[in-house]
Protein chains: 2
Amino acid sequence: MSQELNTIRASFVELAGSATQSFGAGRVIGQIFAHLYLCREVQSLDDLTEALGISKGSASMSVRQLEQWGALKKVWKKGDRKDYYEATEDWGKFMRKAMLDSIAQHMERTEEVLRQTDVLLKQSDPQVCKEELKFVKKRIKRFTQFKERVQWVWDKVMLGMLMK
Amino acid sequence: MSQELNTIRASFVELAGSATQSFGAGRVIGQIFAHLYLCREVQSLDDLTEALGISKGSASMSVRQLEQWGALKKVWKKGDRKDYYEATEDWGKFMRKAMLDSIAQHMERTEEVLRQTDVLLKQSDPQVCKEELKFVKKRIKRFTQFKERVQWVWDKVMLGMLMK
DNA sequence: TGCGGCGTTCATTATGTTTTGAACGTATCA
DNA sequence: TGATACGTTCAAAACATAATGAACGCCGCA
C-alpha cells in the first residue's frame with residue numbers, strides 16, 4: 001500500500017474531524033466520513049475501529065448518524081454477517097447536514113425569543129421607564145432586521161448548496 | 001425598573017450566549033454584548049459582573065475581545081476611574097467577527113491540506129496501487145470542486161453581510 | 001436449543017474548555 | 001509616599017462534552 005495514500009487519508013481524516021467537531025457534531029463523525037470517502041473498499045465497523053483508533057461504540061453511533069444524514073450507504077455482502085459501509089460521493093450532503101443540525105435550532109430559538117419579546121413589550125406599561133422602553137424597542141427592531149437578513153442569506157446559501 | 005424589560009434582556013443574554021458558545025467564542029462574550037446592546041446606560045466591568053453573575057476576570061477578557069472586534073466602544077467619564085462600555089448598534093459586526101474567527105482558519109487549513117495532497121500525489125509511484133490511486137484522485141478532485149463552491153458562497157455571504 | 005459473532009447501549013471515564021479568583025501591576029489622589 | 005480603586009493575568013477548579021468498553025440482546029446456524 002502506497003505510503004502517500006495513507007498520508008493523504010490521514011490529513012483528510014484529521015481535517016474532517018476538526019470540521020465536524022467545530023460544528024458540534026463530534027470529531028469521529030468527520031473522521032469516519034473522510035476515511036470512507038477515500039476508501040475504495042467498503043469498510044466494516046471493525047475496519048473503522050482499527051483504521052481510526054476509535055472504540056466500537058463510538059464507531060457504531062457515528063455510523064448511524066451518518067446513515068441518517070444519508071451520507072453513508074450500508075452494503076450487504078452475502079454470506080457475511082458484518083455490515084459494511086461506503087461514503088456517498090456527495091461531500092455536500094455530509095457537510096450540509098452537519099451544519100444544519102447545529103444551526104437550524106439556533107434560528108428557531110431566535111424566532112421564539114423574538115415572539116416572546118413582542119408579547120412582553122405589548123404587556124409593558126408605556127408610562128414606566130419611557131425612555132428605556134423606547135430605546136429597547138429600537139434596538140430590538142434593529143436586531144430583527146439583522147436576523148431577517150441573516151436568514152435570507154442562510155436560505156440562499158442552503159438552497160445554492162442543495163442544488164449541487 | 002420594568003419587569004418586562006428585564007425579562008427581555010435575560011432572554012437575549014441567554015440567546016446570544018449560546019450562539020457565541022456554539023461558534024467557539026465562549027458564552028460570556030455573547031452575554032456581554034447582548035446585555036450592552038439592550039442597555040441605554042453605559043456599563044462598567046462591575047456592572048457587568050453583577051448583572052450577568054460572572055467573574056471580573058471573565059468580564060475583563062471578553063470585553064477586550066469584543067473591543068478588538070469593534071463590537072464595543074469604551075466610554076470615558078471624566079472624574080471616574082472606571083472604564084465604561086457600550087455596544088455598537090451594529091449586531092452584524094459582532095456576529096460576523098464571531099463567525100469569521102471560527103471559520104477562516106478552517107478554510108485555510110483546508111487549502112493547506114489540498115496543496116499538500118497535490119504534492120504527495122505527484123510524488124507517488126504511478127505503478128503502485130494503480131486503481132486505488134485513480135480512485136483517490138477522483139474523489140479528491142470532487143472534494144476540491146465542492147470546497148470551491150463553498151468558498152464562493154461563503155465569500156458572497158460575507159460580502160453581502162459586510163455591506164449591511 | 002445453545003453457541004458464536006455481530007451491533008448497540010449507556011454508565012463510567014477521559015478529555016477539552018471555560019470560568020474563577022487570588023495575586024499582581026498600575027494609576028490616582030491626599 | 002501610602003492608601004485605594006481599578007483592570008489584568010493565569011494557574012487551578014469547575015464544568016461540559018465526547019469516547020470508552022463491558023454488558024447486553026439479537027440473529028443465523030448447527
Side-chain angles (χ1 to χ4, degrees), chain A residues 13-14 16-36 42-68 72-86 98 101-102 105-106, chain B residues 13-14 16-36 42-68 72-86 98 101-102 105-106:
Chain A
V13 164
E14 195 200 314
S18 78
T20 49
Q21 169 116 283
S22 76
F23 287 135
R27 165 176 305 266
V28 175
I29 284 212
Q31 291 178 310
I32 290 181
F33 183 80
H35 179 74
L36 291 176
V42 295
Q43 304 275 297
S44 69
L45 270 196
D46 285 336
D47 294 335
L48 293 173
T49 295
E50 200 196 328
L52 302 174
I54 59 179
S55 72
K56 219 175 166 193
S58 201
S60 171
M61 290 193 301
S62 300
V63 156
R64 185 140 31 87
Q65 178 77 85
L66 283 166
E67 219 182 340
Q68 280 171 5
L72 214 58
K73 274 191 304 192
K74 200 180 264 192
V75 178
W76 293 80
K77 284 189 180 180
K78 55 189 170 191
D80 193 330
R81 289 219 255 134
K82 289 187 181 179
D83 295 336
Y84 291 88
Y85 303 95
E86 66 180 12
D101 235 39
S102 84
Q105 70 233 40
H106 271 298
Chain B
V13 163
E14 196 200 312
S18 79
T20 50
Q21 171 116 283
S22 77
F23 287 136
R27 165 176 304 265
V28 175
I29 285 210
Q31 291 179 307
I32 290 181
F33 183 81
H35 179 73
L36 291 176
V42 294
Q43 304 275 298
S44 68
L45 271 195
D46 285 336
D47 293 336
L48 293 174
T49 58
E50 200 197 326
L52 303 175
I54 59 180
S55 73
K56 219 176 166 193
S58 202
S60 171
M61 290 192 300
S62 300
V63 156
R64 185 139 31 86
Q65 179 76 83
L66 284 166
E67 219 182 339
Q68 280 170 6
L72 215 59
K73 274 190 304 190
K74 199 181 266 193
V75 178
W76 294 81
K77 282 189 181 179
K78 55 189 169 190
D80 193 330
R81 289 216 255 136
K82 289 187 180 178
D83 296 334
Y84 290 88
Y85 303 94
E86 66 180 12
D101 236 39
S102 84
Q105 69 235 39
H106 271 297

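Letters A, B, ... are given to chains in the order of the sequence lines, protein chains preceding strands, and every chain is numbered from 1. Quick note: numbers below take in every heavy atom, side chains included, and nothing from hydrogens, waters or symmetry partners.
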For atom CD of B:Q65 and atom P of D:dG7, their distance in whole Å: 18 Å
Length of the line joining B:Y84:OH and D:dA5:C1', which is rounded to integer Å: 12 Å
Atom pair distance, as rounded to whole Å: CZ in B:R81 and P in D:dT8: 14 Å
Earlier contact from the 5' end, DNA chain D, for B:D46 and B:R64: B:D46
Minimum heavy-atom distance A:V13-A:A34, with the two atoms named: CA-CB, 3.8 Å
Minimum heavy-atom distance A:G30-A:T20, with the two atoms named: N-OG1, 3.2 Å
Atom pair distance, as rounded to whole Å: CG in B:D83 and P in C:dA27: 13 Å
Other residues, nucleotides, ligands: >12 heavy atoms within 6.0 Å of B:Q105 CD: yes
Nearest-angstrom distance from the residue atom NZ of A:K77 to C1' of C:dG7: 17 Å
Closest non-hydrogen atom pair, A:L72 against A:V63: CD2-O, 3.5 Å
Taking every non-hydrogen atom, the tightest pair across A:S58 and A:V28: OG-CG2, 3.6 Å
Interatomic distance where NZ belongs to B:K78 and C1' belongs to C:dC29 [whole Å]: 19 Å
Shortest non-hydrogen separation from B:V42 to B:Y84 and the atoms involved: CG2-CB, 3.7 Å
For nucleotides 17-24 of chain D, which of its nitrogen or oxygen atoms have a protein nitrogen or oxygen under 3.5 Å away, and what is each distance?
{"residue": "D:dT20", "atom": "OP2", "partner": "A:S55", "partner atom": "N", "Å": "2.8"}
{"residue": "D:dT20", "atom": "OP2", "partner": "A:S55", "partner atom": "OG", "Å": "3.1"}

A:L45 CG - C:dC6 P separation (whole Å): 10 Å
Euclidean distance, atom CH2 of residue B:W76 to atom P of D:dG7 [Å, nearest integer]: 10 Å
